[in-house]
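Proteins get letters first, then strands, A, B, ... in listed order; numbering begins at 1 in each.
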Amino acid sequence: MPSILDELNEEQREAAATINGPVLIFAGAGSGKTRALTYRIAHMVKGERIPPESILAVTFTNKAANEMKERIRQLIGDKARRIWAGTFHSVCARMLRADGHHIGIPDNFVIFDTGDQSSIVKEALSVLDKDPKVYKPDEILNRISGAKNELITPQTYRRHRKGPWDETVHQVYVHYQRKLRENNALDFDDLLMETERLLREVPEVLKKYHDRFHYVMVDEYQDINHAQYKFVQALASKSRNICVVGDDDQSIYGWRGANVGIILAFEHDYPDAKVIKLEQNYRSTGKILECAYEVIKHNKGRAEKKLWTRKPPGDNPVQYEAVSAEEEAEWVATLIKQQVACTDFRYGDYAILYRTNAMSRVMEEALIANSLPYQVVGGVKFYERAVIKNVIAYLRVLYNPADSVSTRRIINTPTRGIGDKTIAELDRIAFARNVSMLEACKHIEESEDLQDRAKLAVERFDTMMANLRKTAETADLVTLTRAVAEDTGYLAHLEKSDAADDASKAENIKEFSSLAKRFQDTREDANLGAFLEHIALMSDIDQAEDIGNQVSLMTVHASKGLEFPVVFVVGMEEGIFPHERSMGDEFQLEEERRLAYVAITRAEKMLYFTHAYRRVIYGQPSQQRPSRFLKDLPDKLITRRLEISQLAKGSSLDREDTDVQETVVGGKSINVTEIMRRAQANQLLAAQRRVDTYEAKEAERAEQKAAAKQPDTSASKRTAPQSFSRRRKAEHIPTPEADLPSLKTGDRVEHAKFGKGMVVSVEGEGASLTYVVAFPNQGVKRLSAAFAKLEKA
DNA sequence: GGTTATGGATTTTTT
DNA sequence: ATCCATAACC
């Protein structure tokens with residue numbers, strides 16, 4: 001009888017067929033992990049007749065969860081809906097809503113985001129009279145989050161503090177946690193920590209889930225933190241049917257509490273675990289995989305594995321040294337443009353990856369200048385825009401009047417004459433009466449030192465909210481959302497304003513309304529609570545779907561899980577990648593290395609690394625050394641173009657090479673050394689042109705800037721752009737036979753046989769200098785510079 | 001209550 | 001260089 005498992009390779013099949021007992025699947029990049037996983041579930045349900053509702057599949061992202069659900073649905077149909085598949089946070093939220101009351105968590109709790117968290121910490125610091133410059137809110141928040149990930153409660157934190165700074169963290173933590181509960185709110189970390197506590201402290205709840213879930217699967221297990229680990233352990237402790245999937249080489253969230261050690265210790269936790277390695281890669285060509293391995297192999301303590309492929313070795317990845325960040329961007333943009341013009345690649349096949357978001361701007365500028373369509377992935381999140389957060393804050397207060405953090409946010413948005421002083425007074429009343437801020441509004445009368453005007457404003461706000469609440473009780477989501485935008489006067493305020501960005505804010509609100517509509521139309525449980533949870537646990541609207549035919553720009557982190565035919569990794573410099581903040585610490589360097597590994601393994605066919613000889617960082621010009629990760633790549637694997645630093649060093653232009661090699665080609669004796677020397681000279685010449693061009697552009701920029709600032713500041717004030725110290729004019733040296741054309745990408749050429757074409761890229765150096773030329777109707781040809789007769793056309 | 005000045009920092013961010 | 005938050009201003 002044919003089984004769906006026949007469609008898998010041997011290792012995938014083993015992974016999918018082993019359903020009982022603990023299983024650890026090391027799923028390398030591009031090894032068909034999702035396929036193995038979804039087929040595994042399909043096999044369980046269809047082949048083994050396991051009830052879908054007894055399967056729990058946990059992921060980290062909504063995207064992964066949705067993709068898994070959809071692909072399982074394609075395999076087994078609507079039965080897939082009965083599987084519990086979701087993110088850690090959504091699964092936990094669901095459990096807490098159902099059973100949290102056992103540990104004092106009401107079922108209508110709300111989820112606080114980072115902004116809300118920050119507000120509470122700041123408030124705590126002010127209450128405790130601590131200087132927020134010494135105790136930076138973000139740092140404290142990190143500590144609190146870290147503690148929660150380790151299941152350390154405010155009470156037990158006492159034992160973990162080491163010094164006065166920690167003492168403050170402890171105090172803030174206590175205050176913070178109390179505030180959350182007063183607001184009837186949980187933060188992201190609470191969802192995990194409290195669910196773990198629920199399972200640990202309430203046996204009947206644990207039993208309930210043990211009875212329900214006989215099979216537990218966890219994706220991206222290398223990214224799991226301690227709280228998540230304990231949660232999963234608890235759920236799987238009875239059946240021991242636990243299957244975890246991950247790749248320690250792709251663990252890049254250690255700084256967020258993820259602990260790679262957990263996946264590496266799985267076999268220790270379950271000595272009888274079956275370990276399966278998926279090492280066949282279906283994504284990249286051979287050389288790309290080799291590069292990836294050459295980088296990652298330096299990490300210590302990784303589970304040994306090596307990706308392989310049936311694909312051909314493919315082209316050498318290219319390392320390109322640019323003059324500056326601007327030229328780097330320009331090079332990338334032009335190369336993409338030319339390749340799209342001359343090959344079958346389309347814009348959507350390209351990704352530009354960088355280590356830090358700050359690098360996106362210069363790339364964007366170059367892409368705009370060359371009119372290439374592009375999309376920045378993971379920029380400002382829609383739900384995090386201030387306008388949207390304000391609208392959401394209204395909805396949250398309507399759902400949960402105890403939410404004083406949100407009340408504060410909206411009480412004077414749009415401005416309605418409730419200032420700091422009034423808010424402080426409301427705070428006082430709320431504290432004295434032990435009620436929420438919204439409740440305090442009802443007692444504003446008792447305040448003695450407030451003007452009547454302020455009191456009136458508060459009363460009006462209170463009445464408005466009461467009316468909205470009435471609406472909330474009966475109206476559907478869409479109506480309510482509209483009421484919030486309109487009845488509060490917020491939309492009108494934005495629309496009548498003539499500030500430039502307020503129009504787009506109003507647009508955002510309308511967009512939000514249509515999101516509410518979509519939610520209402522697609523969900524059965526389209527109530528306010530569900531909508532708020534959806535928003536809180538959804539980092540962004542699924543933007544990945546409509547990528548379109550555009551170049552994708554994103555951080556390396558954001559690229560995890562994605563793949564592109566052509567990948568550019570830009571800013572491959574010491575201090576940037578690896579980041580300087582990671583360079584002092586071996587552990588962090590290993591994570592940077594994994595990050596580099598992730599970047600490399602995104603590429604299917606072609607991979608480019610670029611770095612700039614010099615770059616302006618924080619406004620300061622500085623010289624950069626190429627990333628150490630590039631040094632890990634053996635020369636035979638990568639084509640390096642490092643002319644700029646060769647120029648700067650004074651280069652080998654005039655160095656006499658001692659051993660003269662001769663080769664006989666076509667009956668003629670050729671002095672190879674000479675040819676190499678000339679080819680190199682010509683490359684240096686081209687490089688010098690690049691430098692000159694960019695220095696001219698920089699000078700122009702500086703001039704414009706000076707002119708813009710002070711219309712009549714003369715040239716004397718202008719500082720010359722940093723130049724190469726031992727720079728020399730490279731000469732163009734003609735060869736005896738023919739002029740060796742020093743071509744660069746984009747040059748139009750003519751070939752005796754192929755006719756007219758365009759140089760797509762230049763590879764290799766010296767005698768192996770190769771031009772890749774695209775000829776219309778003839779395709780793309782690789783031609784040796786030394787031997788092909790190419791004329792500039 | 002909204003606007004400008006100043007100081008400070010500036011990696012990554014699945015939920 | 002530039003963005004952000006808070007502070008000092010009209």
Check this for me: does any side-chain nitrogen of one of Arg71(A) and Glu67(A) sit under 4.0 Å from a carboxylate oxygen of the other?
yes

Contact class for Ile418(A) vs. all strands (heavy atom < 4.0 Å): base, sugar-phosphate, or nothing?
sugar-phosphate

Side-chain N or O of Thr415(A) closer than 4.0 Å to phosphate OP1/OP2 of dG2(B):
yes

Contact class for Lys122(A) vs. all strands (heavy atom < 4.0 Å): base, sugar-phosphate, or nothing?
sugar-phosphate

Side chain of Asn412(A), backbone of Ile418(A): donor and acceptor closer than 3.5 Å?
yes

Using whole Å, what does the distance between atom C1' of nucleotide dT12(B) and atom CD1 of Ile252(A) come to?
8 Å

Grab the CH2-C1' distance between Trp255(A) and dT11(B) for me, whole Å please.
8 Å

Distance below 4.0 Å between Arg361(A) side-chain N/O and dA1(C) OP1 or OP2
no

salt_bridge(Glu220(A), Lys33(A)) N-O dist < 4.0 Å
yes

Of His493(A) and Glu220(A), the one whose closest DNA chain B nucleotide lies more 5':
His493(A)

With a 4.0 Å cut-off on heavy atoms, is Gly417(A) in touch with a base, just the backbone sugar-phosphate, or nothing at all?
sugar-phosphate

Looking at every non-hydrogen atom in both residues, tell me the closest pair between Arg409(A) and Ala393(A) and how far apart they are.
CD-CB, 3.8 Å

Can you find a side chain N or O atom of Asn62(A) that sits less than 4.0 Å from OP1 or OP2 on dT15(B)?
yes

Strictly below 4.0 Å, N to O, side chains only: are Glu573(A) and Arg615(A) in salt-bridge contact?
yes

Is the shortest side-chain N/O distance from Tyr253(A) to OP1 or OP2 of dT11(B) below 4.0 Å?
no

Phosphate contact (dT12(B) OP1 or OP2) by Ser582(A) side-chain N/O below 4.0 Å:
no

Where each residue is assigned the nucleotide of DNA chain B containing its nearest heavy atom, which of Thr114(A) and Asp420(A) is assigned the position nearer the 5′ end?
Asp420(A)

Give a yes/no on whether any side-chain N or O of Asn357(A) is located under 4.0 angstrom from OP1 or OP2 of dT13(B).
yes

Span that lies between the P atom of dC4(C) and that of dT13(B), in whole angstrom
15 Å

Interatomic distance at P, dA5(C) relative to dT12(B), whole Å:
16 Å

Measure the distance from CZ on Phe60(A) to C1' on dT13(B) and round it to the nearest whole Å.
13 Å

Value in whole Å for how far the P atom of dT12(B) lies from CZ of Arg581(A)
10 Å

Nucleotide dT10(B), atom C1' - distance to CD of Gln620(A) in whole Å
13 Å

Could you check whether His557(A) and the base of dT12(B) form a stacked pair, meaning centres closer than 5.5 Å and planes differing by less than 30°?
no

Calculate the interatomic distance between Tyr383(A) atom OH and dT14(B) atom C1'; express it in whole Å.
16 Å

Tell me the interatomic distance from His579(A), atom NE2, to dA9(B), atom C1', rounded to whole angstroms.
12 Å

Under 4.0 Å from OP1 or OP2 of dG1(B): is there any side-chain N or O of Asn412(A) that close?
yes

Taking Glu194(A) for its side chain and Leu191(A) for its backbone only, find out whether a donor-acceptor pair lies under 3.5 Å.
no

Leu353(A) CG to dT11(B) C1': how many Å, rounded?
15 Å

